[in-house]
There are 2 protein chains.
Amino acid sequence: MATTTAAQRREQARADYDAFLRECPTNQLLGRLSDKWVSLVVAALSTGPMRYSDLGRRIAGVSPKMLTQTLRALERDGLVSRTVTPSVPVRVDYELTPLGASLAALLTAVKDWAETHFEEVRAARERYDEEGAA
Amino acid sequence: MATTTAAQRREQARADYDAFLRECPTNQLLGRLSDKWVSLVVAALSTGPMRYSDLGRRIAGVSPKMLTQTLRALERDGLVSRTVTPSVPVRVDYELTPLGASLAALLTAVKDWAETHFEEVRAARERYDEEGAA
DNA sequence: CTGCATCCTTAATGATACTG
DNA sequence: CAGTATCATTAAGGATGCAG
């Protein structure tokens, strides 16, 4: 007979599932896109190369920490390239790689979907919220 | 002369930007997709209607709380429909709406991108990590 | 200018137990 | 079966100060 509790079983299942999700490329990508700043950085860079501080200004309200963190993650994934010009003061340019540009295209698809269907979503929300209030 | 500190200015900028982002359909959509469970629920439902507990089993390791929360959010956005059959015991079916199906299609596009380019990303990561170690 | 290390606060997540 | 309410935990985000 099983002496495992529901909690134990779920925990085990979760562990397995987490492992699976970590391996799943789709989910890794979604994780990236989900990052609040990634889409903004990619969008900003899609218009051309930019310096670190330019990105900081363009993406208002980002802290240096998050900007660096985001750029590092994108660089690691081969989505942006980082070019250091050892002048004084130092100058660092970031640019989308071809792979990054391809991701930007995907982001455009997401954007198109959002703009195409947003009105439906908004209407659905209104309906839902009114029913709840009634 | 400006007596505002960098922090104050950034805070203001962030407030404005946050307001803008909340209005931005694309970002709202990305927020949805970013939700860990949304993609899983949509994927599960894309194969057909499912009952609450079926979803719970299919998506291993999800707690009732998160499952309900996710379903409510999707329902509010008009992406899934909720059908209660007042039998004993009660039976509740969830199903993708046409709008939800269209979102599932978008998710497929994301999945395709991920599968197409994942090898490149993996290679980039390896390169990056090795350089760091060297 | 660019970026890293640190600390701190908040918000999301998950476990649990109970109700219609 | 389907879902809600509560509580504990943790992980992400952000501010700050300093260094190369």
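Only heavy atoms go into these numbers, but all of them, side chains included; no hydrogens, no water, no symmetry mates. Sequence lines set the chain letters: A, B, ... in the order given, protein chains first and strands last, and positions in each chain run from 1.
- Although no hydrogens or angles enter the test, the distance criterion places no donor-acceptor pair under 3.5 Å between the side chain of A/Tyr128 and the main chain of B/Ala73.
- Separating the CG atom of A/Leu71 from the C1' atom of C/dC1 is a distance of 14 Å, rounded to the nearest angstrom.
- Residues B/Val62 and B/Leu40 form no side-chain contact, since every pair of their non-hydrogen atoms from C-beta on lies 4.5 Å or further apart.
- Nucleotide D/dA2 holds its P atom 15 Å from the CD atom of B/Glu75, rounded to whole Å.
- Nearer to the 5' terminus of DNA chain D, by closest-nucleotide assignment, is the contact made by B/Arg57 (compared with the other of B/Arg57 and B/Thr68).
- B/Met66 has its CE atom 15 Å from the C1' atom of D/dG3, to the nearest Å.
- Comparing D/dG13, D/dA2, C/dC4 by their nearest atom to the side chain of B/Val92 picks out D/dA2.
- Residues B/Arg122 and B/Glu119 form a side-chain contact, since some pair of their non-hydrogen atoms from C-beta on lies under 4.5 Å apart.
- With a 4.5 Å cut-off on side-chain heavy atoms, A/Leu67 and A/Trp37 do not count as touching.
- Listed nucleotides: D/dG14, C/dA15, D/dG3. Nearest to the side chain of A/Lys65: D/dG14.
- Distance CZ (B/Arg91) to C1' (D/dA2): 13 Å, rounded to an integer number of Å.
- Note: CG (A/Leu67) to P (C/dG3) measures 8 Å, nearest angstrom.
- Between A/Arg72 and C/dC4 there is a side-chain polar atom (N or O) within less than 4.0 angstrom of OP1 or OP2.
- Look at A/Trp37 and you'll find a side-chain N or O under 4.0 angstrom from OP1 or OP2 of D/dG14.
- Comparing B/Asp35 and A/Pro89, the nucleotide of DNA chain C nearest to each residue sits closer to the 5' end for A/Pro89.
- The two atoms that bring B/Val42 and B/Leu96 nearest to each other are O-CD1, 4.1 Å, heavy atoms only.
- For the pair B/Tyr94 OH and D/dA2 C1', the computed distance is 8 Å after rounding to whole Å.
- A close approach under 4.0 Å does not occur between any side-chain nitrogen or oxygen of B/Arg51 and OP1 or OP2 of D/dC1.
- Among C/dT2, D/dA2, D/dT4, the nucleotide with an atom closest to any side-chain atom of A/Ser53 is C/dT2.
- An OP1 or OP2 oxygen of C/dG3 is reached within less than 4.0 angstrom by a side-chain nitrogen or oxygen of A/Arg82.
- Nearest nucleotide to the A/Gln69 side chain, out of D/dG13, D/dA15, C/dT2: D/dG13.
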